[in-house]
Amino acid sequence: MAHEAFGPPLRETLSRWKREQAQLKASVIDHDTEAWQQKTDFTGLFRVGGVDISFIKGDDVRACASLVVLSYPELEVLYEEHRMVNLTAPYISGFLAFREVSFLVDAIQRLQKKKPDLMPQVLLVDGNGVLHHRGFGVACHIGILTDLPCIGVAKKLLQVDGLKNNDLHKEKIQHLKTGGDTFPLMGDSGSILGMALKSHNKSSKPLYISVGHKVSLETAVHLIQACCRYRIPEPIRQAATVRSSLQVAVPAHCEHL
């Protein structure tokens with residue numbers, strides 16, 4: 001995505017963003033905190049949310065911020081909001097949160113005010129959590145700002161801490177035979193940053209799952225698998241359903257800011 005629409009990023013801005021990430025990272029909880037997480041069948045979990053930013057083809061400024069809440073385990077839509085927003089920052093690798101998070105947090109806060117009984121008990125985020133250049137991706141950022149358990153779900157491997165989409169990585173993918181098969185994403189630091197998950201029997205590409213906030217990696221992987229009817233977990237897939245319409249025009253059901 002081009003930076004020209006916003007102008008060149010200022011060094012001072014990037015330094016400030018790094019400091020903010022470091023400060024917030026100290027509050028990340030990477031273990032299970034909720035009662036439903038202690039049950040193998042997630043008894044007590046009734047609402048799973050998903051968030052996504054969909055972009056208009058050829059437009060680096062306008063986008064549609066989406067929040068959906070699905071019932072669990074039925075995965076039926078209980079609530080959805082799609083709202084057009086004007087982005088105020090460019091895409092810079094490692095700083096996605098500063099481009100997108102404010103709009104997604106606003107959507108969650110609107111839900112809290114309008115229908116608090118439909119607030120999600122866990123949020124699936126289209127992006128990374130601790131699998132990040134500085135260990136604080138968009139799923140961590142949203143988790144800290146909303147105090148919700150959050151899981152990062154990425155469709156491509158973020159190549160950090162020595163992780164590479166090389167022949168060895170591709171060979172490991174070939175050994176994922178059935179839905180639910182995984183392999184750990186261990187960086188050069190020796191830390192397991194996430195898990196590659198074959199989310200569906202027919203999927204040829206894995207998802208890259210990482211902890212966002214208030215959830216363990218084991219629970220995160222288990223829940224993502226439980227939410228997948230197709231390759232993409234249903235909460236994120238439903239949040240992203242406006243994307244095909246955005247390639248041509250702004251969808252009629254998007255509210256304008």
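Values below: every heavy atom of this structure, side chains too, minus hydrogens, waters and symmetry copies. Treat the numbers as computed from the prediction; the structure is a model and nothing was measured.
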[X] [atom1] to [Y] [atom2] distance, which is reported to the nearest 0.5 Å:
X: L145; Y: L24; atom1: CG; atom2: CG; answer: 6.0 Å
X: E81; Y: K114; atom1: CD; atom2: NZ; answer: 5.0 Å
X: T182; Y: L217; atom1: OG1; atom2: CG; answer: 8.5 Å
X: I53; Y: D126; atom1: CD1; atom2: CG; answer: 9.5 Å
X: C140; Y: K214; atom1: SG; atom2: NZ; answer: 13.5 Å
X: L123; Y: C150; atom1: CG; atom2: SG; answer: 4.5 Å

Looking at side-chain heavy atoms only, is the closest gap between [X] and [Y] below 4.5 Å?
X: L185; Y: M195; answer: no
X: I108; Y: Q112; answer: no
X: V153; Y: V125; answer: no
X: L118; Y: L111; answer: yes
X: F183; Y: I173; answer: yes

Got a sec, which residues hit side-chain hydrogen bond (donor to acceptor under 3.5 Å, both in side chains) with [X], two or more places apart in sequence or on another chain?
X: D30; value: none
X: R231; value: none
X: Q37; value: none
X: D41; value: T43

R16 charged N/C atom sitting above F98 aromatic ring, 6.0 Å / 45° = no

Residue pairs fulfilling side chain to side chain donor-acceptor pair (under 3.5 Å) with at least one residue in residues 167-176, sequence neighbours excluded = H169-Y208

Applying side-chain contact (heavy atoms from CB on, under 4.5 Å), name anything that partners [X], two or more places apart in sequence or on another chain.
X: S102; result: none
X: V48; result: L45, Y72, V122, L124, C227, P235
X: Q38; result: D32

Of all residues at least two apart in sequence or in a different chain, which pass the ring-ring contact (aromatic ring centres under 6.0 Å, His included) check with F136?
-> H141

In plain terms, say whether K25 and E20 are close enough for a salt bridge, that is, a side-chain N and a carboxylate O under 4.0 Å apart.
-> no

If you look only at pairs with a residue in residues 107-135, which of them pass as a ring pair (Phe, Tyr, Trp, His ring centres under 6.0 Å), with sequence neighbours excluded?
-> none

Can you tell me which residue pairs pass the ring pair (Phe, Tyr, Trp, His ring centres under 6.0 Å) test with a partner in residues 210-233, sequence neighbours excluded?
-> F42-H222

Using distance alone, with no hydrogens and no angle criterion, decide if N201 and T178 have a side-chain donor and acceptor under 3.5 Å apart.
-> no

Positive for side chain to side chain donor-acceptor pair (under 3.5 Å) with S66, one of E80, R83, H82 = H82

Members sharing I29's hydrophobic cluster (side chains within less than 4.5 Å) | none

Looking only at heavy atoms, which two atoms of V28 and G212 are closest? And how far apart?
-> CG1-O, 3.7 Å

Check: H31 main-chain N/O paired with S216 side-chain donor or acceptor under 3.5 Å | no

For R134 and G94, indicate whether the former's side chain and the latter's backbone hold a donor-acceptor pair under 3.5 Å.
-> yes

